[in-house]
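Written below as structure tokens is the structure these notes are about.
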Amino acid sequence: MMTNNDIAEIFKQIASALELLEANRFRINGYQRVSRVLKDLTEDIAGLVAEHPGSAVKQLTAIDGIGKGSAEKIVELVANGKMAEHQELMAQVPAGLFDILAIPGIGPKAATLMWKDLGIISVAELKEKLDSPELARLPRMGAKTIENIKKAIAFQEKAADRVPLGIARPIALRLQEELRQVPGVKRLEYAGSLRRGRETIGDLDFLAACDDPEAVRERFTSHPDVTQVLARGDTKSSVRLETGGAVLQADLRIVPEEVYGAALMYFTGSKEHNVRLREIAIKQNRRLNEYGLFDGTDERPQDRGDRPIAAADEAAIYAALGLPLIAPELREDRGELEGEPARLIELADIRAELHAHTIASDGKMTIDELAACALRHGYHTLAVTDHSKSSVIANGLDEERLLAHIEAVREANARIDDLEILAGAEVDILPDGRLDYDDEILARLDVVVASPHASLGQDPKTATERLLRAIRHPLVHILGHPTGRIINRREGLSPDMNALFAAAVEHDTALEVNANWRRLDLRDSHLRHALEAGCRIAIDTDTHREEQMDFLIYGILTARRAGLTAASCINTWPAEELHAWLKSKR
DNA sequence: GCCGTTTTCGGCCCGACTGTTTTCAGTCG
């Protein structure tokens, strides 16, 4: 069965092959857009084609970015497992060239030259020839360029994956704070995919407005964590840095304060969202760039002394375009420019933590320490949810220990004011969908979070049945980290998410957004679809140690990317409402 | 390749920086 990602990957390969064959730039863009749109799509394309073989092309062309040609190719691919155009291109372009194209600094022109003139068709071959005179004889291939390619390959070998949000954000906050200390800095903040709250970050983007650009530039490019300076221009600098176990690229853009908003929009992206906005501007006979929104469509109006209609702040620019302010997390060209945006959930809306561990299983805090932590966060409710007996590695509780633990929680609740401490458990969903405690035990718990921990390589059908059984269980409140994925490490389960969402609505079971940055599960795209289906959502940190309760921000960012409002999130409800809902399952 | 309140042709976002050039191509975001 072909997943959306598989299909998207095929279109991406077509685009790359066409780049190497020097095809029309806009045709390449077209394929790239199809690839991106497919990746973002929430419904399963293979399923859609299977269910509506006659109307699949029509349904696919209804999606923005997919035309008749691509729709037919998708149907061909799903039906036959292969696509003629793709296969023809793959026969023309050696597969290893895609890896060469992926090296930062090497584009289609350089890769094609190396291939056609020198027969280089893999990164290994390129590395062998880096010091050969024949490479240096290629046009535009001087000593510095070759040196940069060497460094880029070394960088890529170190920085194998995009950096998880939970690693990148603390680094960015630290760097942001350091750069703000430079005298004369008026404004300085991170933008880019980090500001949009993506689950992984490609590079860090900083924007500054200041009195002394050279001082900020100097602090940035000579920072002790910087391993290489890639660019150092008047308004833009770019570096590679190694810090906190991460290897990243970081860019700094310095602009006049009066155009800070326009630059922030530009630098926050996404690229695709920006393109949409610029297209809207053109339709209004205007021009939008990082220096502002201008009347007329002249090139570089900022250099002609034109005064922008709006430039200083984001809201004014959106307003001038006739648009509401779009939250950074939504700026992905996924339809955010249509309709009225809702007020998205915020960190301060959260009033309860419903998934947390103590020393009874694999946590580091006692019940009292956990409660103190919840009180510091201003919560009205805390659920203590230690692991169940099958999670042996996590020191899961058997029935006897669990009953004693429930007593300890009840005792703490009686002793501690201003916080309702609930007795719960994170109960393993066994591979066949049964739960790890019997109903008599589950009924004694105030909160049951049911989560998959083992057998995470199951086939989709088995996984769907397994999770459906847990969702339908009358004593389960929350489905914890539904897929069990670990970002950059483990795919996790690939169940039919639509089936899960429908069952969750029917049985009034909440779905968790696990805020631990290694999980973020549900992920943003799944959550978006869950909300369309009408699911209730829980955002919990799965806290094992004190500082992990601050992981909540990662769950909030992920939830905002899906358009979650406070009302749909049970952790925001007043105590009485939340407790009544929990009791409705008892 | 995609798209359409200039709709089936003719457009398609906009700018910064480097290195290799003698005025700009290639790459990136």
Side-chain angles (χ1 to χ4, degrees), chain A residues 11-12 14-15 17-19 22-37 60-74 85 89 101-113 136-149 151-152 191-193 196 202-205 207 217 221 228-239 249-255 259 262-263 265-294 297-303 333:
Chain A
F11 276 87
K12 196 173 148 205
I14 293 176
L18 289 173
E19 277 196 292
E22 301 183 81
N24 176 281
R25 181 70 250 166
F26 298 109
R27 190 167 162 231
I28 295 165
N29 280 352
Y31 278 116
Q32 283 173 341
R33 182 159 178 218
V34 170
S35 176
R36 187 178 62 84
V37 166
L60 287 169
T61 50
I63 300 166
D64 257 2
I66 300 180
K68 188 154 172 282
S70 292
E72 285 170 350
K73 282 169 195 149
I74 292 167
E85 177 171 10
L89 287 169
L101 195 56
I103 296 169
I106 296 186
K109 300 282 188 202
T112 305
L113 263 179
R137 275 198 290 273
L138 291 180
R140 309 189 58 78
M141 194 59 69
K144 277 196 174 172
T145 300
I146 290 173
E147 189 55 33
N148 284 340
I149 292 174
K151 285 180 178 166
S193 55
R196 302 201 308 278
D203 52 33
L204 302 179
D205 299 305
L207 179 68
R217 189 159 44 235
T221 55
Q228 188 189 355
V229 178
L230 294 168
R232 198 191 151 109
D234 282 345
T235 71
K236 190 181 143 185
S237 303
S238 195
V239 300
Q249 187 173 318
D251 299 329
L252 170 69
R253 189 81 187 252
I254 303 171
V255 300
V259 306
M265 276 171 71
Y266 156 76
F267 225 28
T268 297
S270 65
K271 185 170 177 280
E272 291 78 13
H273 177 83
N274 288 344
V275 168
R276 280 269 172 264
L277 294 181
R278 287 168 179 185
E279 285 171 352
I280 289 172
I282 288 170
K283 284 200 184 105
Q284 299 175 359
N285 196 33
R286 291 158 154 179
R287 190 181 185 92
L288 176 64
N289 61 26
E290 59 261 53
Y291 298 100
L293 177 65
F294 297 87
T297 54
D298 293 326
E299 279 181 23
R300 306 190 62 88
Q302 66 277 9
D303 294 343
D333 186 28

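Convention: sequence-line order gives letters A, B, ...; per-chain numbering from 1.
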When rounded to whole Å, the CG to P distance for the pair A:N274 and B:dC14 reads 11 Å
For B:dG26 versus B:dT20, give the span between their C1' atoms, rounded off to a whole number of Å. 11 Å
Whole-Å distance, A:I63 CD1 to B:dC2 P, equals 12 Å
OP1 or OP2 of B:dG15 under 4.0 Å from side-chain N/O of A:T235: no
From CD1 of A:I14 across to P of B:dC2 the rounded distance in Å is 11 Å
Exercise. Would you say A:N289 reaches B:dG15's phosphate, i.e. side-chain N/O to OP1/OP2 under 4.0 Å?
Worked result: yes
Checking N1-N3 plus N6-O4 or O6-N4 for Watson-Crick, or N1-O2 and O6-N3 for wobble, each under 3.5 Å, the partner of B:dT27 is B:dA16
>> Does a side-chain N or O of A:S70 approach OP1 or OP2 of B:dC2 to a distance below 4.0 Å, or not?
In response: yes
note: A:F26, atom CZ; B:dG10, atom P; distance rounded to Å ~ 15 Å
A:I280 CD1 to B:dC14 P, in whole Å, measures 13 Å
Over all strands shown, is A:I28 touching base, sugar-phosphate only, or nothing at heavy-atom distances under 4.0 angstrom? nothing
Rounded to whole Å, the CD1-P distance (A:I282 to B:dC3) equals 17 Å
- [ ] May I ask you to say whether A:E272 pairs ionically with A:R196, meaning some side-chain N is under 4.0 Å from a carboxylate O?
- [x] no
| A:E72 bridged to A:K68 by N-O distance under 4.0 Å | yes
Of A:G69 and A:Q302, the one whose closest nucleotide on DNA chain B sits nearer the 5' end is A:G69
Rounded to whole Å, the NZ-C1' distance (A:K283 to B:dC12) equals 11 Å
**Distance between C1' atoms of B:dG29 and B:dC13 (Å, rounded)** = 12 Å
Report yes if a side-chain nitrogen or oxygen of A:R25 is closer than 4.0 Å to either non-bridging phosphate oxygen (OP1 or OP2) of B:dG1; otherwise report no.
no
Here the distance between atom C1' of B:dC13 and atom CE of A:M265, to the nearest Å, is 13 Å
### Task
Return yes if a side-chain donor-acceptor contact under 3.5 Å exists between A:N29 and A:R25, otherwise no.
yes
Is there a side-chain polar atom (N or O) of A:Y291 under 4.0 Å from OP1 or OP2 of B:dA16? yes
Which whole number of Å gives the distance between the C1' atom of B:dG1 and that of B:dT6?
22 Å
5' to 3', nucleotides 19-29 of chain B under a 4.0 Å protein heavy-atom cut-off (B base, S sugar-phosphate only, - none) gives BSS---BSSSB
request  = State plainly whether the residues A:E147 and A:K144 are in salt-bridge range, i.e. N to O under 4.0 Å.
outcome  = no
Check: protein-nucleotides 7-9 of chain B nitrogen or oxygen pairs below 3.5 Å:
none

